[in-house]
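Since this is a predicted model, take the numbers as computed values, not measurements. Labels below follow one simple rule: chain letters A, B, ... track the order of the sequence lines, proteins then strands, and each chain is numbered from 1.
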Number of protein chains: 2
Amino acid sequence: MGQSHRRNPRQQVYSDESMPMKRQKADVTARLLAIFKQLISEGTLVQGARLPAERDLATNLKVSRGSLRQALKMLEVMGVVSQRVGDGTYLNGAAPSILAEPMEFLILMDGISMAELMDARLIVEPELAARAAQRWTPPDLAALHDSISRMMECGDRPGELIAEDLRFHRTIFRMAENRVCSVMFTIVHQSMHKLVEITSQMVHLDHTVRLHTRIYNAIRKRDPVEAKARMFAHLTDARKLLLQSQKAARRRPVAKRKLNAALS
Amino acid sequence: MGQSHRRNPRQQVYSDESMPMKRQKADVTARLLAIFKQLISEGTLVQGARLPAERDLATNLKVSRGSLRQALKMLEVMGVVSQRVGDGTYLNGAAPSILAEPMEFLILMDGISMAELMDARLIVEPELAARAAQRWTPPDLAALHDSISRMMECGDRPGELIAEDLRFHRTIFRMAENRVCSVMFTIVHQSMHKLVEITSQMVHLDHTVRLHTRIYNAIRKRDPVEAKARMFAHLTDARKLLLQSQKAARRRPVAKRKLNAALS
DNA sequence: TCCGGGGAATGGTATAACCAATTTGAGTCA
DNA sequence: TGACTCAAATTGGTTATACCATTCCCCGGA
């Protein structure tokens with residue numbers, strides 16, 4: 001058959017504007033999504049609630065199990081529900097990973113680089129640090145301090161070091177008391193680490209601990225201006241290291257396994 | 001049968017940490033998602049490309065059409081692909097709405113209020129305005145100017161006014177040259193408008209035009225500090241209006257249609 | 001050259017069946 | 001009495017098949 005696309009792709013380039021959101025014949029799947037939104041918003045479904053079995057639910061909603069599963073699969077990927085075979089489908093609590101999968105595709109499709117992710121952090125995180133300095137409570141500060149302590153014990157294992165770094169920044173996000181930014185940039189942070197091969201020379205333990213400590217001290221003093229500046233310095237420094245490391249290893253180590261066969 | 005959940009929900013409260021990302025038996029759907037990611041990343045699938053028909057693709061990938069459709073449906077909801085009956089499945093270009101649906105669920109499940117969305121904008125948009133002031137090119141500035149002009153011609157139709165407001169802010173996002181923040185806060189902006197009933201008294205045309213013009217002038221002067229301050233003032237003002245409006249109409253106009261029957 | 005109709009291709013949905021993992025609970029044995 | 005065993009029931013996971021509605025392509029007629 002070859003790849004004889006018999007039709008003109010009809011391009012449909014995204015205009016700068018948002019799509020008119022055609023309210024067509026109400027896709028069954030879209031309708032199901034709307035139903036779940038309403039069930040959640042009106043409190044019929046609460047965190048931890050167990051949904052009826054797929055077969056029953058499909059019957060009650062007057063749709064086929066296949067269509068229902070399309071909707072449930074989307075909810076699962078977004079982290080809204082968890083499905084366990086032999087057990088059931090449960091509504092999750094607030095899902096920190098709700099944006100993770102979409103973000104990965106966003107990075108892929110827009111060709112977003114690690115540098116641009118870092119740039120985004122550079123725009124937002126200093127401001128979040130400033131807010132943290134103004135709003136922290138004692139347990140927050142203790143968490144921040146613990147994070148630094150644990151990082152010093154990490155040794156040279158890059159995995160743990162990265163995890164501890166993420167925890168430090170996430171704590172600051174939480175202290176800034178804005179869940180929108182917190183969730184978004186937690187995902188940005190994670191995506192960044194997925195995108196780059198973290199090498200040990202990129203993360204100097206002592207160096208990172210020193211910068212984190214400066215941020216911590218500024219926050220503890222409730223000095224938003226200094227906290228912002230310290231965070232800015234920390235991220236600028238990190239970006240510089242990442243760019244150096246990328247320039248050093250310009251090669252593309254990714255094995256481009258060919259899957260073209262799948263497309264016949 | 002009633003709602004006799006015969007099993008202990010086994011709570012599984014989200015810990016503060018990210019999930020260990022269990023690499024289990026590789027869900028067929030998850031595997032398909034990974035395949036699509038790779039096809040996109042290695043350039044086998046490019047913008048506008050037409051995917052093989054579902055039946056062929058399922059055969060080639062050695063999965064059933066139902067499973068494939070679960071994966072395709074997720075990609076469609078995320079805006080990665082578009083499916084048209086009788087036509088085919090196409091890979092979209094950079095999708096501005098890739099985070100829209102997940103964001104709606106995030107708002108629902110975390111109980112995020114309009115105020116918190118506005119707060120997030122207040123954290124980020126001033127900084128983006130500052131960057132815009134440093135980086136704009138003549139066409140950008142013209143777009144900004146046009147947006148203000150069009151807004152003055154909107155009259156009192158709130159729909160168009162909101163659309164024009166969104167365009168103004170999105171233009172600034174683009175000028176700031178960070179697609180991560182641009183996409184994220186475009187979605188935040190849209191979600192906010194979905195969440196509140198925009199009333200005409202909340203959006204004073206002349207007032208908005210005046211504030212937008214101040215931002216525009218500051219950007220034109222390439223003065224990042226003033227641009228930031230002007231944007232901050234604009235959003236602070238908007239937040240005040242929104243909160244007032246919410247306080248005035250504390251009633252819950254949402255008709256809580258009961259769907260509990262669906263859950264048997 | 002233009003126009004229209006028929007057939008093929010495609011996504012959308014529904015149904016049925018089976019598999020694999022898990023829970024449940026009755027039965028069994030110490 | 002209590003702990004263990006194991007088979008049945010339940011549930012999500014997957015596949016296969018059939019049919020419908022829409023869209024596109026192409027060919028024939030005006």
Problem set entry | Presence of A:Q83 side-chain N/O under 4.0 Å of D:dG13 phosphate oxygens OP1/OP2 | yes
Exercise. Mind checking whether B:L91 and B:V80 have side chains closer than 4.5 Å, heavy atoms only?
Worked result: yes
For this session: Take atom CD of B:Q70 and atom C1' of C:dG11, then tell me their distance rounded to the nearest Å.
Result: 16 Å
Exercise. Which heavy atom of B:C181 sits nearest a heavy atom of A:V124, and at what distance?
Worked result: SG-CG2, 4.2 Å
For this session: Take atom CG of A:L72 and atom P of D:dG12, then tell me their distance rounded to the nearest Å.
Result: 8 Å
Exercise. Would you say the side chain of B:T29 lies within less than 4.5 Å of the side chain of A:E76, judging by non-hydrogen atoms?
Worked result: no
Exercise. What nucleotide, of D:dG13, C:dG11, D:dC24, holds the atom closest to the side chain of A:E54?
Worked result: D:dG13
For this session: Please tell me which of the listed nucleotides, D:dT14, C:dT13, D:dG12, lies nearest to the side chain of A:D27?
Result: C:dT13
Seminar exercise, completed: When rounded to whole Å, the CG to P distance for the pair A:L32 and C:dG12 reads 14 Å
Exercise. Are the side chain of A:R50 and the backbone N or O of A:G88 linked by a donor-acceptor pair below 3.5 Å?
Worked result: no
Seminar exercise, completed: Separation of D:dT15 atom C1' from B:L68 atom CG, nearest Å, is 13 Å
Seminar exercise, completed: Assign each of B:R55 and A:V85 the nucleotide of DNA chain C bearing its closest heavy atom; nearer the 5' end lies the nucleotide of B:R55
For this session: For A:L57 and D:dT11, give me the distance from atom CG to atom P, rounded to whole Å.
Result: 12 Å
Problem set entry | B:R69 side chain near C:dG12 phosphate (N/O to OP1/OP2, under 4.0 Å) | yes
Problem set entry | OP1 or OP2 of D:dT11 under 4.0 Å from side-chain N/O of A:R50 | yes
Exercise. Between B:K73 and A:R65, which is nearer to the 5' end of DNA chain C once each is assigned its nearest nucleotide?
Worked result: B:K73
Exercise. B:T89 side chain N/O closer than 4.0 Å to the phosphate oxygens (OP1, OP2) of C:dT10?
Worked result: no
For this session: Answer yes or no: does a side-chain N or O of A:S67 lie under 4.0 Å from OP1 or OP2 of C:dA14?
Result: yes
Exercise. B:D87 CG to D:dA21 C1': how many Å, rounded?
Worked result: 14 Å
Exercise. Do NZ/NE/NH1/NH2 and the carboxylate oxygens of B:K37 and A:E101 come within less than 4.0 Å?
Worked result: yes
